[in-house]
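One structure, as structure tokens, below. Some questions next.
Only heavy atoms go into these numbers, but all of them, side chains included; no hydrogens, no water, no symmetry mates.
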Amino acid sequence: QVQLVESGGGLVQAGGSLRLSCAASGRTFSSYAMAWFRQAPGKEREFVAAVSQSGGRTYYGDSVKGRFTISRDNAKNMVYLQMMNLKPEDTAIYYCAADHPLRLGPQYDYWGQGTQVTVSS
């Protein structure tokens, strides 16, 4: 089992940057694929990015490709989402997720509580 805690959200102007962090508990962090999802009011949860257990494979949703970068540090039990050139449509609650198989859909077993990102125009 793993517990996830996100941080780093906030208010930023369009064109700005933020880095989200997700701290994971447990001694088997490196066995989990990690992902970021987001959910805006009235919308379904959307895949943002995923990273494999070793960090060697990464995947991105079409709306964030070229602007967001997912990474992980297995020694620190951390996963990050660097967000660049933010747009108002990136406004959402961002969730960290973990599971043993890497998935591009929201069928992850473990979720954090979320962190709010608001991008002003």
Side-chain angles (χ1 to χ4, degrees):
Q1 192 169 356
V2 62
Q3 294 183 326
L4 306 171
V5 179
E6 302 96 334
S7 61
L11 174 64
V12 64
Q13 288 188 333
S17 302
L18 277 176
R19 189 176 84 152
L20 304 184
S21 299
C22 175
S25 66
R27 294 176 292 177
T28 60
F29 174 73
S30 61
S31 71
Y32 289 92
M34 301 297 297
W36 289 94
F37 289 80
R38 67 186 182 186
Q39 190 164 18
K43 294 188 176 182
E44 293 187 351
R45 194 162 292 192
E46 177 190 9
F47 170 74
V48 175
V51 61
S52 63
Q53 286 82 343
S54 68
R57 292 180 293 138
T58 57
Y59 302 87
Y60 296 93
D62 288 341
S63 61
V64 306
K65 282 180 183 176
R67 300 188 298 122
F68 290 12
T69 303
I70 189 171
S71 61
R72 66 188 296 162
D73 185 337
N74 286 343
K76 296 182 178 179
N77 283 18
M78 296 290 295
V79 62
Y80 305 100
L81 185 68
Q82 179 68 49
M83 304 186 293
M84 310 284 286
N85 190 21
L86 283 160
K87 304 175 181 180
E89 51 265 42
D90 294 319
T91 295
I93 299 174
Y94 283 71
Y95 297 91
C96 178
D99 206 343
H100 284 108
L102 190 151
R103 308 177 195 275
L104 303 187
Q107 299 86 4
Y108 279 72
D109 280 348
Y110 303 104
W111 293 85
Q113 83 290 347
T115 186
Q116 176 72 47
V117 172
T118 302
V119 184
S120 63
S121 58

| query | Rounded to the nearest 0.5 Å, how far does OH of Tyr60 lie from CZ of Phe47? | reply |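 Reported value, rounded in 0.5 Å steps: 9.0 Å.
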| query | Has the side chain of Asn74 got a donor or acceptor atom that lies under 3.5 Å from a matching backbone atom of Phe29? | reply |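 Not a single qualifying donor-acceptor pair exists.
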| said: Please confirm whether the ring centroid of Tyr108 lies under 6.0 Å from the ring centroid of Phe37. | reply: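 Judged by ring-centre distance (under 6.0 Å), Tyr108 and Phe37 do meet the cut-off.
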| Side chain of Thr115, backbone of Tyr94: donor and acceptor closer than 3.5 Å? |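 Such a contact is absent between Thr115 side chain and Tyr94 backbone.
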Which atom pairs, one a donor and one an acceptor, fall under 3.5 Å between side chains of residues 80-87 and the rest of the protein, sequence neighbours left out?
none

| said: Quick check for you: to the nearest 0.5 Å, what is the distance between Glu6 atom CD and Cys22 atom SG? | reply: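 Glu6 atom CD to Cys22 atom SG measures 5.5 Å (nearest 0.5 Å).
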| said: Going by ring pair (Phe, Tyr, Trp, His ring centres under 6.0 Å), name the residues that satisfy it together with Phe68, two or more places apart in sequence or in a different chain. | reply: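 Result, ring pair (Phe, Tyr, Trp, His ring centres under 6.0 Å) vs Phe68: none returned.
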| message | Testing Val64, Thr91, Ile93 one by one against Arg38 for a side chain to side chain contact (heavy atoms under 4.5 Å, CB included), which residue passes? | response |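 Per the side chain to side chain contact (heavy atoms under 4.5 Å, CB included) rule, the option paired with Arg38 is Val64, out of Val64, Thr91, Ile93.
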| request: Please check if atom CD in Gln13 has more than 12 non-hydrogen atoms from other residues, nucleotides or ligands closer than 6.0 Å. | output: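 Result for CD/Gln13: open.
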| request: Mind checking the CG-OG1 spacing from Asn77 to Thr28? Nearest 0.5 Å is all I need. | output: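 If we round to the nearest 0.5 Å, Asn77:CG and Thr28:OG1 are 8.5 Å apart.
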| message | Looking at Gln3, I'd like to know if its CD atom is crowded, meaning that more than 12 non-hydrogen atoms belonging to other residues, nucleotides or ligands lie closer than 6.0 Å. | response |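 Incorrect, the count does not exceed 12.
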| In Å and rounded to the nearest 0.5 Å, what is the CE to OG distance from Met78 to Ser71? |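 The distance works out to 9.5 Å.
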| Are the side chains of Trp111 and Cys96 in touch, meaning some heavy atoms are under 4.5 Å apart? |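 The answer is no, as the side chains (C-beta and beyond) never meet within the 4.5 Å cut-off.
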| message | Looking at every heavy atom in both Ala14 and Pro88, which two are closest together, and how far apart are they? | response |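 Shortest heavy-atom separation between Ala14 and Pro88 comes out as CB-CD, 4.1 Å.
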| request: Could I get the full list of side chain to side chain contact (heavy atoms under 4.5 Å, CB included) partners for Gln53, not counting sequence neighbours? | output: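 Testing Gln53 for side chain to side chain contact (heavy atoms under 4.5 Å, CB included), a comparison that skips the adjacent residues, returns Ala33.
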| query | How about Ser63 and Glu46: do any of their side-chain heavy atoms sit closer than 4.5 Å? | reply |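 Result yes, sub-4.5 Å side-chain heavy-atom pair found.
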| Backbone of Ile70 reached by a side-chain donor or acceptor of Thr58 within 3.5 Å |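 Side chain of Thr58 to backbone of Ile70: no pair is present.
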| request: Check salt bridge (charged side-chain N to carboxylate O under 4.0 Å, His left out) between Lys65 and all other residues, then give those that pass, not counting sequence neighbours. | output: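 Salt bridge (charged side-chain N to carboxylate O under 4.0 Å, His left out) list for Lys65, sorted by chain: Asp62.
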| salt bridge (charged side-chain N to carboxylate O under 4.0 Å, His left out) with Arg103: which residues, sequence neighbours excluded? |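 Partners of Arg103 under the salt bridge (charged side-chain N to carboxylate O under 4.0 Å, His left out) test: Asp99.
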| request: Tell me, please, which residues at least two apart from Ala98 pass side chain to side chain contact (heavy atoms under 4.5 Å, CB included). | output: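 With sequence neighbours excluded, Ala98 shows a side chain to side chain contact (heavy atoms under 4.5 Å, CB included) to Val2, Leu4, Tyr32, Met34, Tyr110, given in chain and number order.
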